[in-house]
Trainee: 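Pasting a structure below so you can have a look.
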Amino acid sequence: MRMGNNRWLRNSLVYLLIIIGVIVIFYTLIPAFGTRNDLPLTEVIAKAQNHEISEIIVEGDKLTVIPIVTGGAGGSQYTSRINDQTDIMEVLADNDVETGPGGVQVTFKGSGGLGSFLGLLLNFLPLIFFGGLILFMMRQAQGSNNQTLSFARSRARMMPFNRPTVTFSDVAGVDEAKTELVEVVEFLKYPERFLSLGARIPKGVLLVGQPGTGKTLLARAVAGEAGVPFFHISGSEFVEMFVGVGAARVRDLFDQAKRNAPCIVFVDEIDAVGRHRGAGLGGGHDEREQTLNQILVEMDGFESNTNIIVLAATNRPDILDPALLRPGRFDRRVVLDLPDVVGRQAILKVHSAGKPLGAEINLETLAKETPGFSGADLSNLINEAALLAARKNQKTIHMPDFEEAVERVIAGPERKSRVISSREKEMTAYHEAGHALVAWVLPHADRVHKISIISRGNMGGHTTLLPEEDRYLWTKNQFLDMMAVTMGGRVAEEQIFDEVTTGASNDLERATKIALSMIKRYGMSSALGPRTFGKREELVFLGREISEERDYGDKVAEEIDQEVKELVNNAYVQACDILTEQKPNLVRIAEYLIEHEAVSGDDLQRLFNGEEMGGSGDTGTPAVPPETPPFAPKPAQPNVSPQPAPTLSSQQGQDLGSMPSGGRDN
């Protein structure tokens, strides 16, 4: 900032001098501006003959005439001009003008040294001005050349190590990762303790984790704790359109690091430059590959006592070049998973510090209600709750603010301005009630936390399911129950309204994907046996799956289709049986939702148990449109044919079972 101010002042001064020079040259070359009001010499002589002049002051070719009427005050004096070779005394004598004590006083004023110098300067001013202008243009051109030469310099920023902004106490939920990096910090502070035992600290530490798990925050904490210079740069800043620039920047970065050793170099999003070689479109001369080659050389060229540690972060370790991950470069890989319930509680405690929380706030309960949330999601959750409390002019943040913030993070804000018909509202209520009832009855389904028919984002309503505890393994029974829960909304619509709507499109898609994953990925088919089907193919350059290589024949493909059909149909039949038996509860819950739009907690449990709700509809007659029969016959089993979609990845397969809510599409 200070350099920018100095540059601005320097440029302003140059432009100011140019403006002044133009003005001076203008008045020098056009002197008529200063003499347009001068009296002619003949008129001055005439006034002198008429005894109207008291004094004439001669300064070179300029005459300053002081009339008698002014009394010497000079209030109305005027000027005139004479030739350089003209003698004013001789002119006055030739015209019989008396000079001296009894006549016109003539005073000669000679120009001093400064005046002569200024006059000389004015004569040479145009030459000086144009010379300065040429010099200024040459300096600008030289600055452009310097910028061109600095194009290959590293753009890494060095954080001051004596003013830490983030420490390990500001990072929660990743205790194992913190333990690994504390060792790195201790090596930089006390290297002799490790070197005396012959130990060698890892030259590179790769932070791997999903977006929002705190990779960059953990690196900033290392910078705050280490007490050494910390260089940070993004992987994309190495890559330019000119070949060789990225490699030059890598060399300059490590040169700076060696001059400031011991130090830490942090490269964020290293997958932007460290992708697998040979996967690009430019072959061996691709700019990215040359940059990666230079990184490999620099990391492998360290001496054992260099004391330079490279930290890098990525959420795509599968696309990094194997040479970058080998021992001697990135020796250690620190994985940052999504936090468990204990980690989420610790993260909420860190981010809620200093905020006025209500007495009823229980961070442990809030942590249980946010499975699958990353550290960034939890930070956003706290901020959203604070914004909601401020919007209501509250002095403290209460539990309803947090519950609303959870739904905003998952599905977006309420669409209060959206107007829907009473029939669509009724259909949505029965749809969500069907999901909730099936989940409540099935033993392996997650617990129903909340039902809402308030529109959020693209969802007309949603049913939130929360697991009793964090889950890392899924069983076949859990998948089967989850499929039945997804079919509950469509079955409820068919049983009550004898209609099939588009609201269950996402439910059908999820059920089909779960069935495909069970058969093709997890070997949960009794007919096909414990094996996988299909191999995923992906281009590292694109970074995502684009096709599937079939390692099975057409007959097995038909069997897979038949198994998927059977699984989905069984889930449909199971949902039909449950909702037929629980139809009174289905009607009670739907009518309560139509009136109150949302239900959770103790009220939800009373609805499930068939208890009185104090005036909220508890009859057994369904509220259906007049043209629809109150009890439609049980529909026939649908003919479900799965689309030839690619199988899910492992992470996607886990996410299907752990999704916290099932929504009705709009």
Side-chain angles (χ1 to χ4, degrees), residues 163-174 212-214 216-217 220-221 224 338-418 447-457 459 461-466 592-593 595-607 613-616 660-661:
R163 289 177 296 173
T165 57
V166 180
T167 60
F168 283 137
S169 61
D170 300 318
V171 183
V174 285
T213 51
T216 305
L217 180 65
R220 293 173 59 192
L338 291 174
D340 56 11
V341 62
V342 178
R344 292 195 298 272
Q345 183 178 353
I347 294 173
L348 289 172
K349 184 177 180 180
V350 169
H351 290 294
S352 61
K355 294 180 173 60
L357 302 182
E360 80 282 5
I361 298 297
N362 189 337
L363 296 181
E364 182 179 359
T365 302
L366 192 60
K368 293 180 179 179
E369 295 180 1
T370 53
F373 275 43
S374 65
D377 293 331
L378 295 173
S379 175
N380 188 31
L381 168 66
I382 297 290
N383 185 61
E384 286 288 344
L387 292 175
L388 290 172
R391 191 178 302 171
K392 300 175 186 177
N393 293 324
Q394 299 175 179
K395 300 298 183 181
T396 56
I397 308 173
H398 299 286
M399 200 63 187
D401 301 322
F402 282 105
E403 293 177 353
E404 173 65 18
V406 170
E407 296 189 2
R408 289 173 68 93
V409 172
I410 294 176
E414 297 181 0
R415 299 176 62 181
K416 298 181 180 180
S417 61
R418 183 175 185 179
R447 176 177 57 88
V448 182
H449 175 68
K450 183 176 182 179
I451 315 173
S452 173
I453 60 172
I454 300 174
S455 178
R456 291 179 182 272
M459 297 189 304
H462 65 278
T463 301
T464 304
L465 306 178
L466 294 179
Y592 187 91
L593 288 174
E595 181 180 355
H596 298 87
E597 295 188 337
V599 59
S600 62
D602 295 336
D603 291 340
L604 181 59
Q605 294 302 317
R606 283 196 293 268
L607 285 174
M613 294 298 296
S616 62
S661 64

Trainee: At their closest point, which heavy atom of Leu357 faces which heavy atom of Thr396, and how far apart are they?
Mentor: C-CB, 4.4 Å
Trainee: Looking only at heavy atoms, which two atoms of Glu369 and Val406 are closest? And how far apart?
Mentor: O-CG1, 4.3 Å
Trainee: Answer yes or no: is there a donor N or O on one side and an acceptor on the other, between the side chain of Glu360 and the main chain of Met399, under 3.5 Å?
Mentor: yes
Trainee: From Gln345 CD over to Thr365 OG1, what is the distance, rounded to the nearest 0.5 angstrom?
Mentor: 9.0 Å
Trainee: Are the side chains of Val174 and Thr213 in touch, meaning some heavy atoms are under 4.5 Å apart?
Mentor: no
Trainee: List in chain and number order the residues that pass side-chain hydrogen bond (donor to acceptor under 3.5 Å, both in side chains) with Glu404, two or more places apart in sequence or in another chain; answer none if no residue qualifies.
Mentor: Arg456
Trainee: Using a 4.5 Å cut-off on heavy atoms from C-beta on, say whether the side chain of Asp170 contacts that of Leu217.
Mentor: no
Trainee: To the nearest 0.5 Å, how far apart are NZ in Lys450 and CD in Glu403?
Mentor: 6.5 Å
Trainee: I would like to know whether Leu363 and Phe402 meet side chain to side chain contact (heavy atoms under 4.5 Å, CB included); could you show each step before the answer?
Mentor: CA-CA 10 Å; Leu363 296 181; Phe402 282 105; 5.5 Å; no
Trainee: If you measure from CG on Leu338 to OG1 on Thr370, what distance do you get to the nearest 0.5 Å?
Mentor: 11.0 Å
Trainee: Looking at every non-hydrogen atom in both residues, tell me the closest pair between Pro339 and Ser374 and how far apart they are.
Mentor: CD-CA, 4.1 Å
Trainee: Working to the nearest 0.5 angstrom, can you tell me the gap between Glu414 CD and Ser452 OG?
Mentor: 7.0 Å
Trainee: Mind listing the closest non-hydrogen atom pair of Gly173 and Ala346 along with its distance?
Mentor: N-CB, 4.4 Å
Trainee: Are Arg408 and Leu388 close enough that some pair of their side-chain heavy atoms sits under 4.5 Å apart?
Mentor: yes
Trainee: Check whether any side-chain N or O of Ser455 sits under 3.5 Å from a backbone N or O of Met459 as a donor-acceptor pair, and report yes or no.
Mentor: yes
Trainee: Please examine the side chains of Leu465 and Val448, heavy atoms only from C-beta on, and report whether any two atoms are closer than 4.5 Å.
Mentor: yes
Trainee: So Ile397 and Ile382, side chain to side chain contact (heavy atoms under 4.5 Å, CB included) or not? Walk me through it.
Mentor: CA-CA 9 Å; Ile397 308 173; Ile382 297 290; 5.8 Å; no
Trainee: Where do Lys368 and Val341 come nearest, in terms of heavy atoms and distance?
Mentor: CG-CG2, 3.8 Å
Trainee: Could you go through Leu366 and Arg344, starting from their C-alpha distance and side-chain angles, then the distance that decides it, and tell me whether this counts as side chain to side chain contact (heavy atoms under 4.5 Å, CB included)?
Mentor: CA-CA 9 Å; Leu366 192 60; Arg344 292 195 298 272; over 6 Å; no
Trainee: Counting neighbours of NZ on Lys395 that are heavy atoms of other residues, nucleotides or ligands and sit closer than 6.0 Å, is the number greater than 12?
Mentor: no
Trainee: Check step by step if side chain to side chain contact (heavy atoms under 4.5 Å, CB included) holds for Leu387 and Asn383.
Mentor: CA-CA 6 Å; Leu387 292 175; Asn383 185 61; 3.7 Å; yes
Trainee: Which value, rounded to the nearest 0.5 Å, describes the distance between Thr463 atom OG1 and Leu593 atom CG?
Mentor: 8.0 Å
Trainee: Does Asp401 reach the side chain of Gln394, with side-chain heavy atoms less than 4.5 Å apart?
Mentor: yes
Trainee: Quick check for you: to the nearest 0.5 Å, what is the distance between Glu384 atom CD and Glu407 atom CD?
Mentor: 12.5 Å
Trainee: Are Val350 and Ile347 packed together at the side-chain level, in the sense that at least one heavy-atom pair is separated by less than 4.5 angstrom?
Mentor: no
Trainee: For a 4.5 angstrom cut-off between non-hydrogen side-chain atoms, does Tyr592 reach Ile451?
Mentor: no
